[in-house]
K.L.:
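One structure coming up, written as structure tokens, with questions to follow.
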Amino acid sequence: MKLFVCIFSLIALSSASPAINGTVGGCTITNYNQVESVINSCTTISVGSFAVPAGVTLNLHLKTGTHLTFNGNLAFAYSEWDGPLMRITGDQLTVLGESSHLIDGRGELWWDGQGGHSSKKKPRVLEISATNSYFKALKIKNCPMTCVGISGSTSVTIDYWNINNKDGDTKGAYNTDGFDLAHSNYITIKNTVVWNQDDCICVNQGQHLMFQNLHCTGSHGLSIAVGIYQAYADNTVHNVTFKDSVVENANLGMHIKTIAGSQKGEISSVTYSNIKLSGITWWGINIQQDYTNDGSTGQPMGNIVIKDLTLSNIYGTLSGTVSTAIYVLCGSGGCSNWHWSGINLQGAAHPNSCNYAPSGFTC
């Protein structure tokens, strides 16, 4: 299990995210060489089918208020580099994926079963840095590594996406996080399907984040991972909600992990509500404060505090010979004011293990 590949809300966007109906007309990109001229001159853009050259980013730095529609197949040529393969930036954007489109990362060209532990560099597919923007119905297939990174963003809604890394189950995909978030506020990801081989969602830093109606398959679940930075403000996660979601046929259901060390930080006001777990093979709920760059140590520290953690109506089944429903390992003074209710996880091979007792729940 990897450490923190993931690096890098309930907001109603009104005028900043108008309803999308039908195909957006206007300027069309059907060749990589057209990108710069089109995005510099148009605010209504259609992206068709073409190949992106190896080792370069499809950089869509859009004008304020741009409406952009993907309606073709994008494919990316092979190169060993960090990426991203594509970047979308701007303010008051409306981005739509038509049913005919596909963003194909062609991850099978990079997969080697080692993910980020390999000497081979593997690019993430998409990086978003946007404000007051709405992204609907994008389809991404076969990510070489991380699928989507959201950073430096405020008031962004991701709606009805489909990330499909199913091929990676048998072809050596690893560390293929669905969404990684950092340095972003008021982000909503909802009504979205992710099939991958690592965290479905991973939050490193941010405030006022909402994840709702997600369906995660084959993943490491709904995760918060804090402690990769040195500054306190960079190691803070506040007011995060995961709700009304399913995690199935996965290694983990829910995971909160902090790096033990000298750096300080805080995870606060986090809620997991109405989460169904099915076919979980490792841990249903795993909260640990003993991570290092070399993995778990079994010696937790309270340098990244986890407080005001609410879990309600977390239910489902585990399977396999190593499965444990609940695992909690807190450092001294590292965990406080947890309120849990309606925890009902069945079928684990091993008993729960907790060194901190949440209110309302007996481990």
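Heavy atoms only: backbone and side chains are in, while hydrogens, waters and symmetry mates are out.
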K.L.:
We want to know whether Asn337 and Asp308 form a side-chain donor-acceptor pair, criterion being a heavy-atom distance below 3.5 angstrom.
P.N.:
yes
K.L.:
If only side-chain N and O atoms count, and only distance matters, is there a donor-acceptor pair under 3.5 Å linking Asp169 with Trp195?
P.N.:
yes
K.L.:
Can you see whether His208 engages Asn185 through a side-chain donor-acceptor pair at a distance of less than 3.5 angstrom?
P.N.:
no
K.L.:
Look only at the side chain of Glu108 and the backbone of Lys171, and say whether a donor-acceptor pair between them is shorter than 3.5 Å.
P.N.:
no
K.L.:
Does any donor atom in the side chain of Thr217 or Glu248 lie under 3.5 Å from an acceptor atom in the other side chain?
P.N.:
yes
K.L.:
Check Lys122 with Asp112, please: is the shortest side-chain N to carboxylate O separation under 4.0 Å?
P.N.:
yes
K.L.:
Using 30° and 60° as the class limits, which term best fits the ring planes of Phe242 and Phe211: parallel, tilted or perpendicular?
P.N.:
parallel
K.L.:
So do the side chains of Thr131 and Ser155 get within less than 4.5 Å of each other, counting heavy atoms only?
P.N.:
no
K.L.:
Would you say that more than 12 heavy atoms from the other residues, nucleotides or ligands in this model lie under 6.0 Å from the CD of Gln114, or not?
P.N.:
yes
K.L.:
Output the distance between atom OH (Tyr272) and atom CE (Met254), rounded to the nearest 0.5 Å.
P.N.:
5.5 Å
K.L.:
So with a 6.0 Å cut-off around NE2 of His61, is the heavy-atom count from everything else above 12?
P.N.:
no
K.L.:
How close do Leu345 and Gly284 get, counting heavy atoms only, and between which atoms?
P.N.:
CD1-CA, 4.3 Å
K.L.:
CG of Asn303 to CD of Gln263: how many Å apart, nearest 0.5 Å?
P.N.:
5.5 Å
K.L.:
Under a plain distance cut-off of 3.5 Å, with no hydrogens placed, do His255 and Gln288 share a side-chain donor-acceptor pair?
P.N.:
yes
K.L.:
Does the side chain of His339 pick up a donor-acceptor pair with the side chain of Thr310 at under 3.5 Å?
P.N.:
no
K.L.:
Indicate whether any N or O donor in one side chain lies under 3.5 Å from an N or O acceptor in the other, for His220 and Asp199.
P.N.:
no
K.L.:
Can you tell which of Asp159, Asn71, Thr69 makes a side chain to side chain contact (heavy atoms under 4.5 Å, CB included) with Leu96?
P.N.:
Thr69
K.L.:
Measuring from atom CZ of Arg124 to atom SG of Cys147, what distance do you get when rounded to the nearest 0.5 angstrom?
P.N.:
12.0 Å
K.L.:
Please name the pair of heavy atoms, one in Trp340 and one in Ile287, separated by the smallest distance, quoted to 0.1 Å.
P.N.:
CZ2-CD1, 3.7 Å
K.L.:
Okay, side chain of Thr44, backbone of His67: is any donor-acceptor separation there less than 3.5 Å?
P.N.:
no
K.L.:
Just checking, is any N or O donor in the side chain of Thr176 or Gln197 under 3.5 Å from an acceptor N or O on the other one?
P.N.:
yes
K.L.:
Tell me, yes or no, whether the heavy-atom count around Lys121 atom NZ, taken from other residues, nucleotides or ligands under 6.0 Å, exceeds 12.
P.N.:
no
K.L.:
Check the side chains of Asn251 and Thr281 for a donor-acceptor pair under 3.5 angstrom, ignoring hydrogens and angles.
P.N.:
yes
K.L.:
Can Ser151 and His183 be counted as having a side-chain donor-acceptor contact under 3.5 angstrom?
P.N.:
no
K.L.:
Once the angle between the rings of Tyr78 and Trp110 is folded into 0 to 90°, is it parallel (under 30°), tilted (30 to 60°) or perpendicular (over 60°)?
P.N.:
tilted
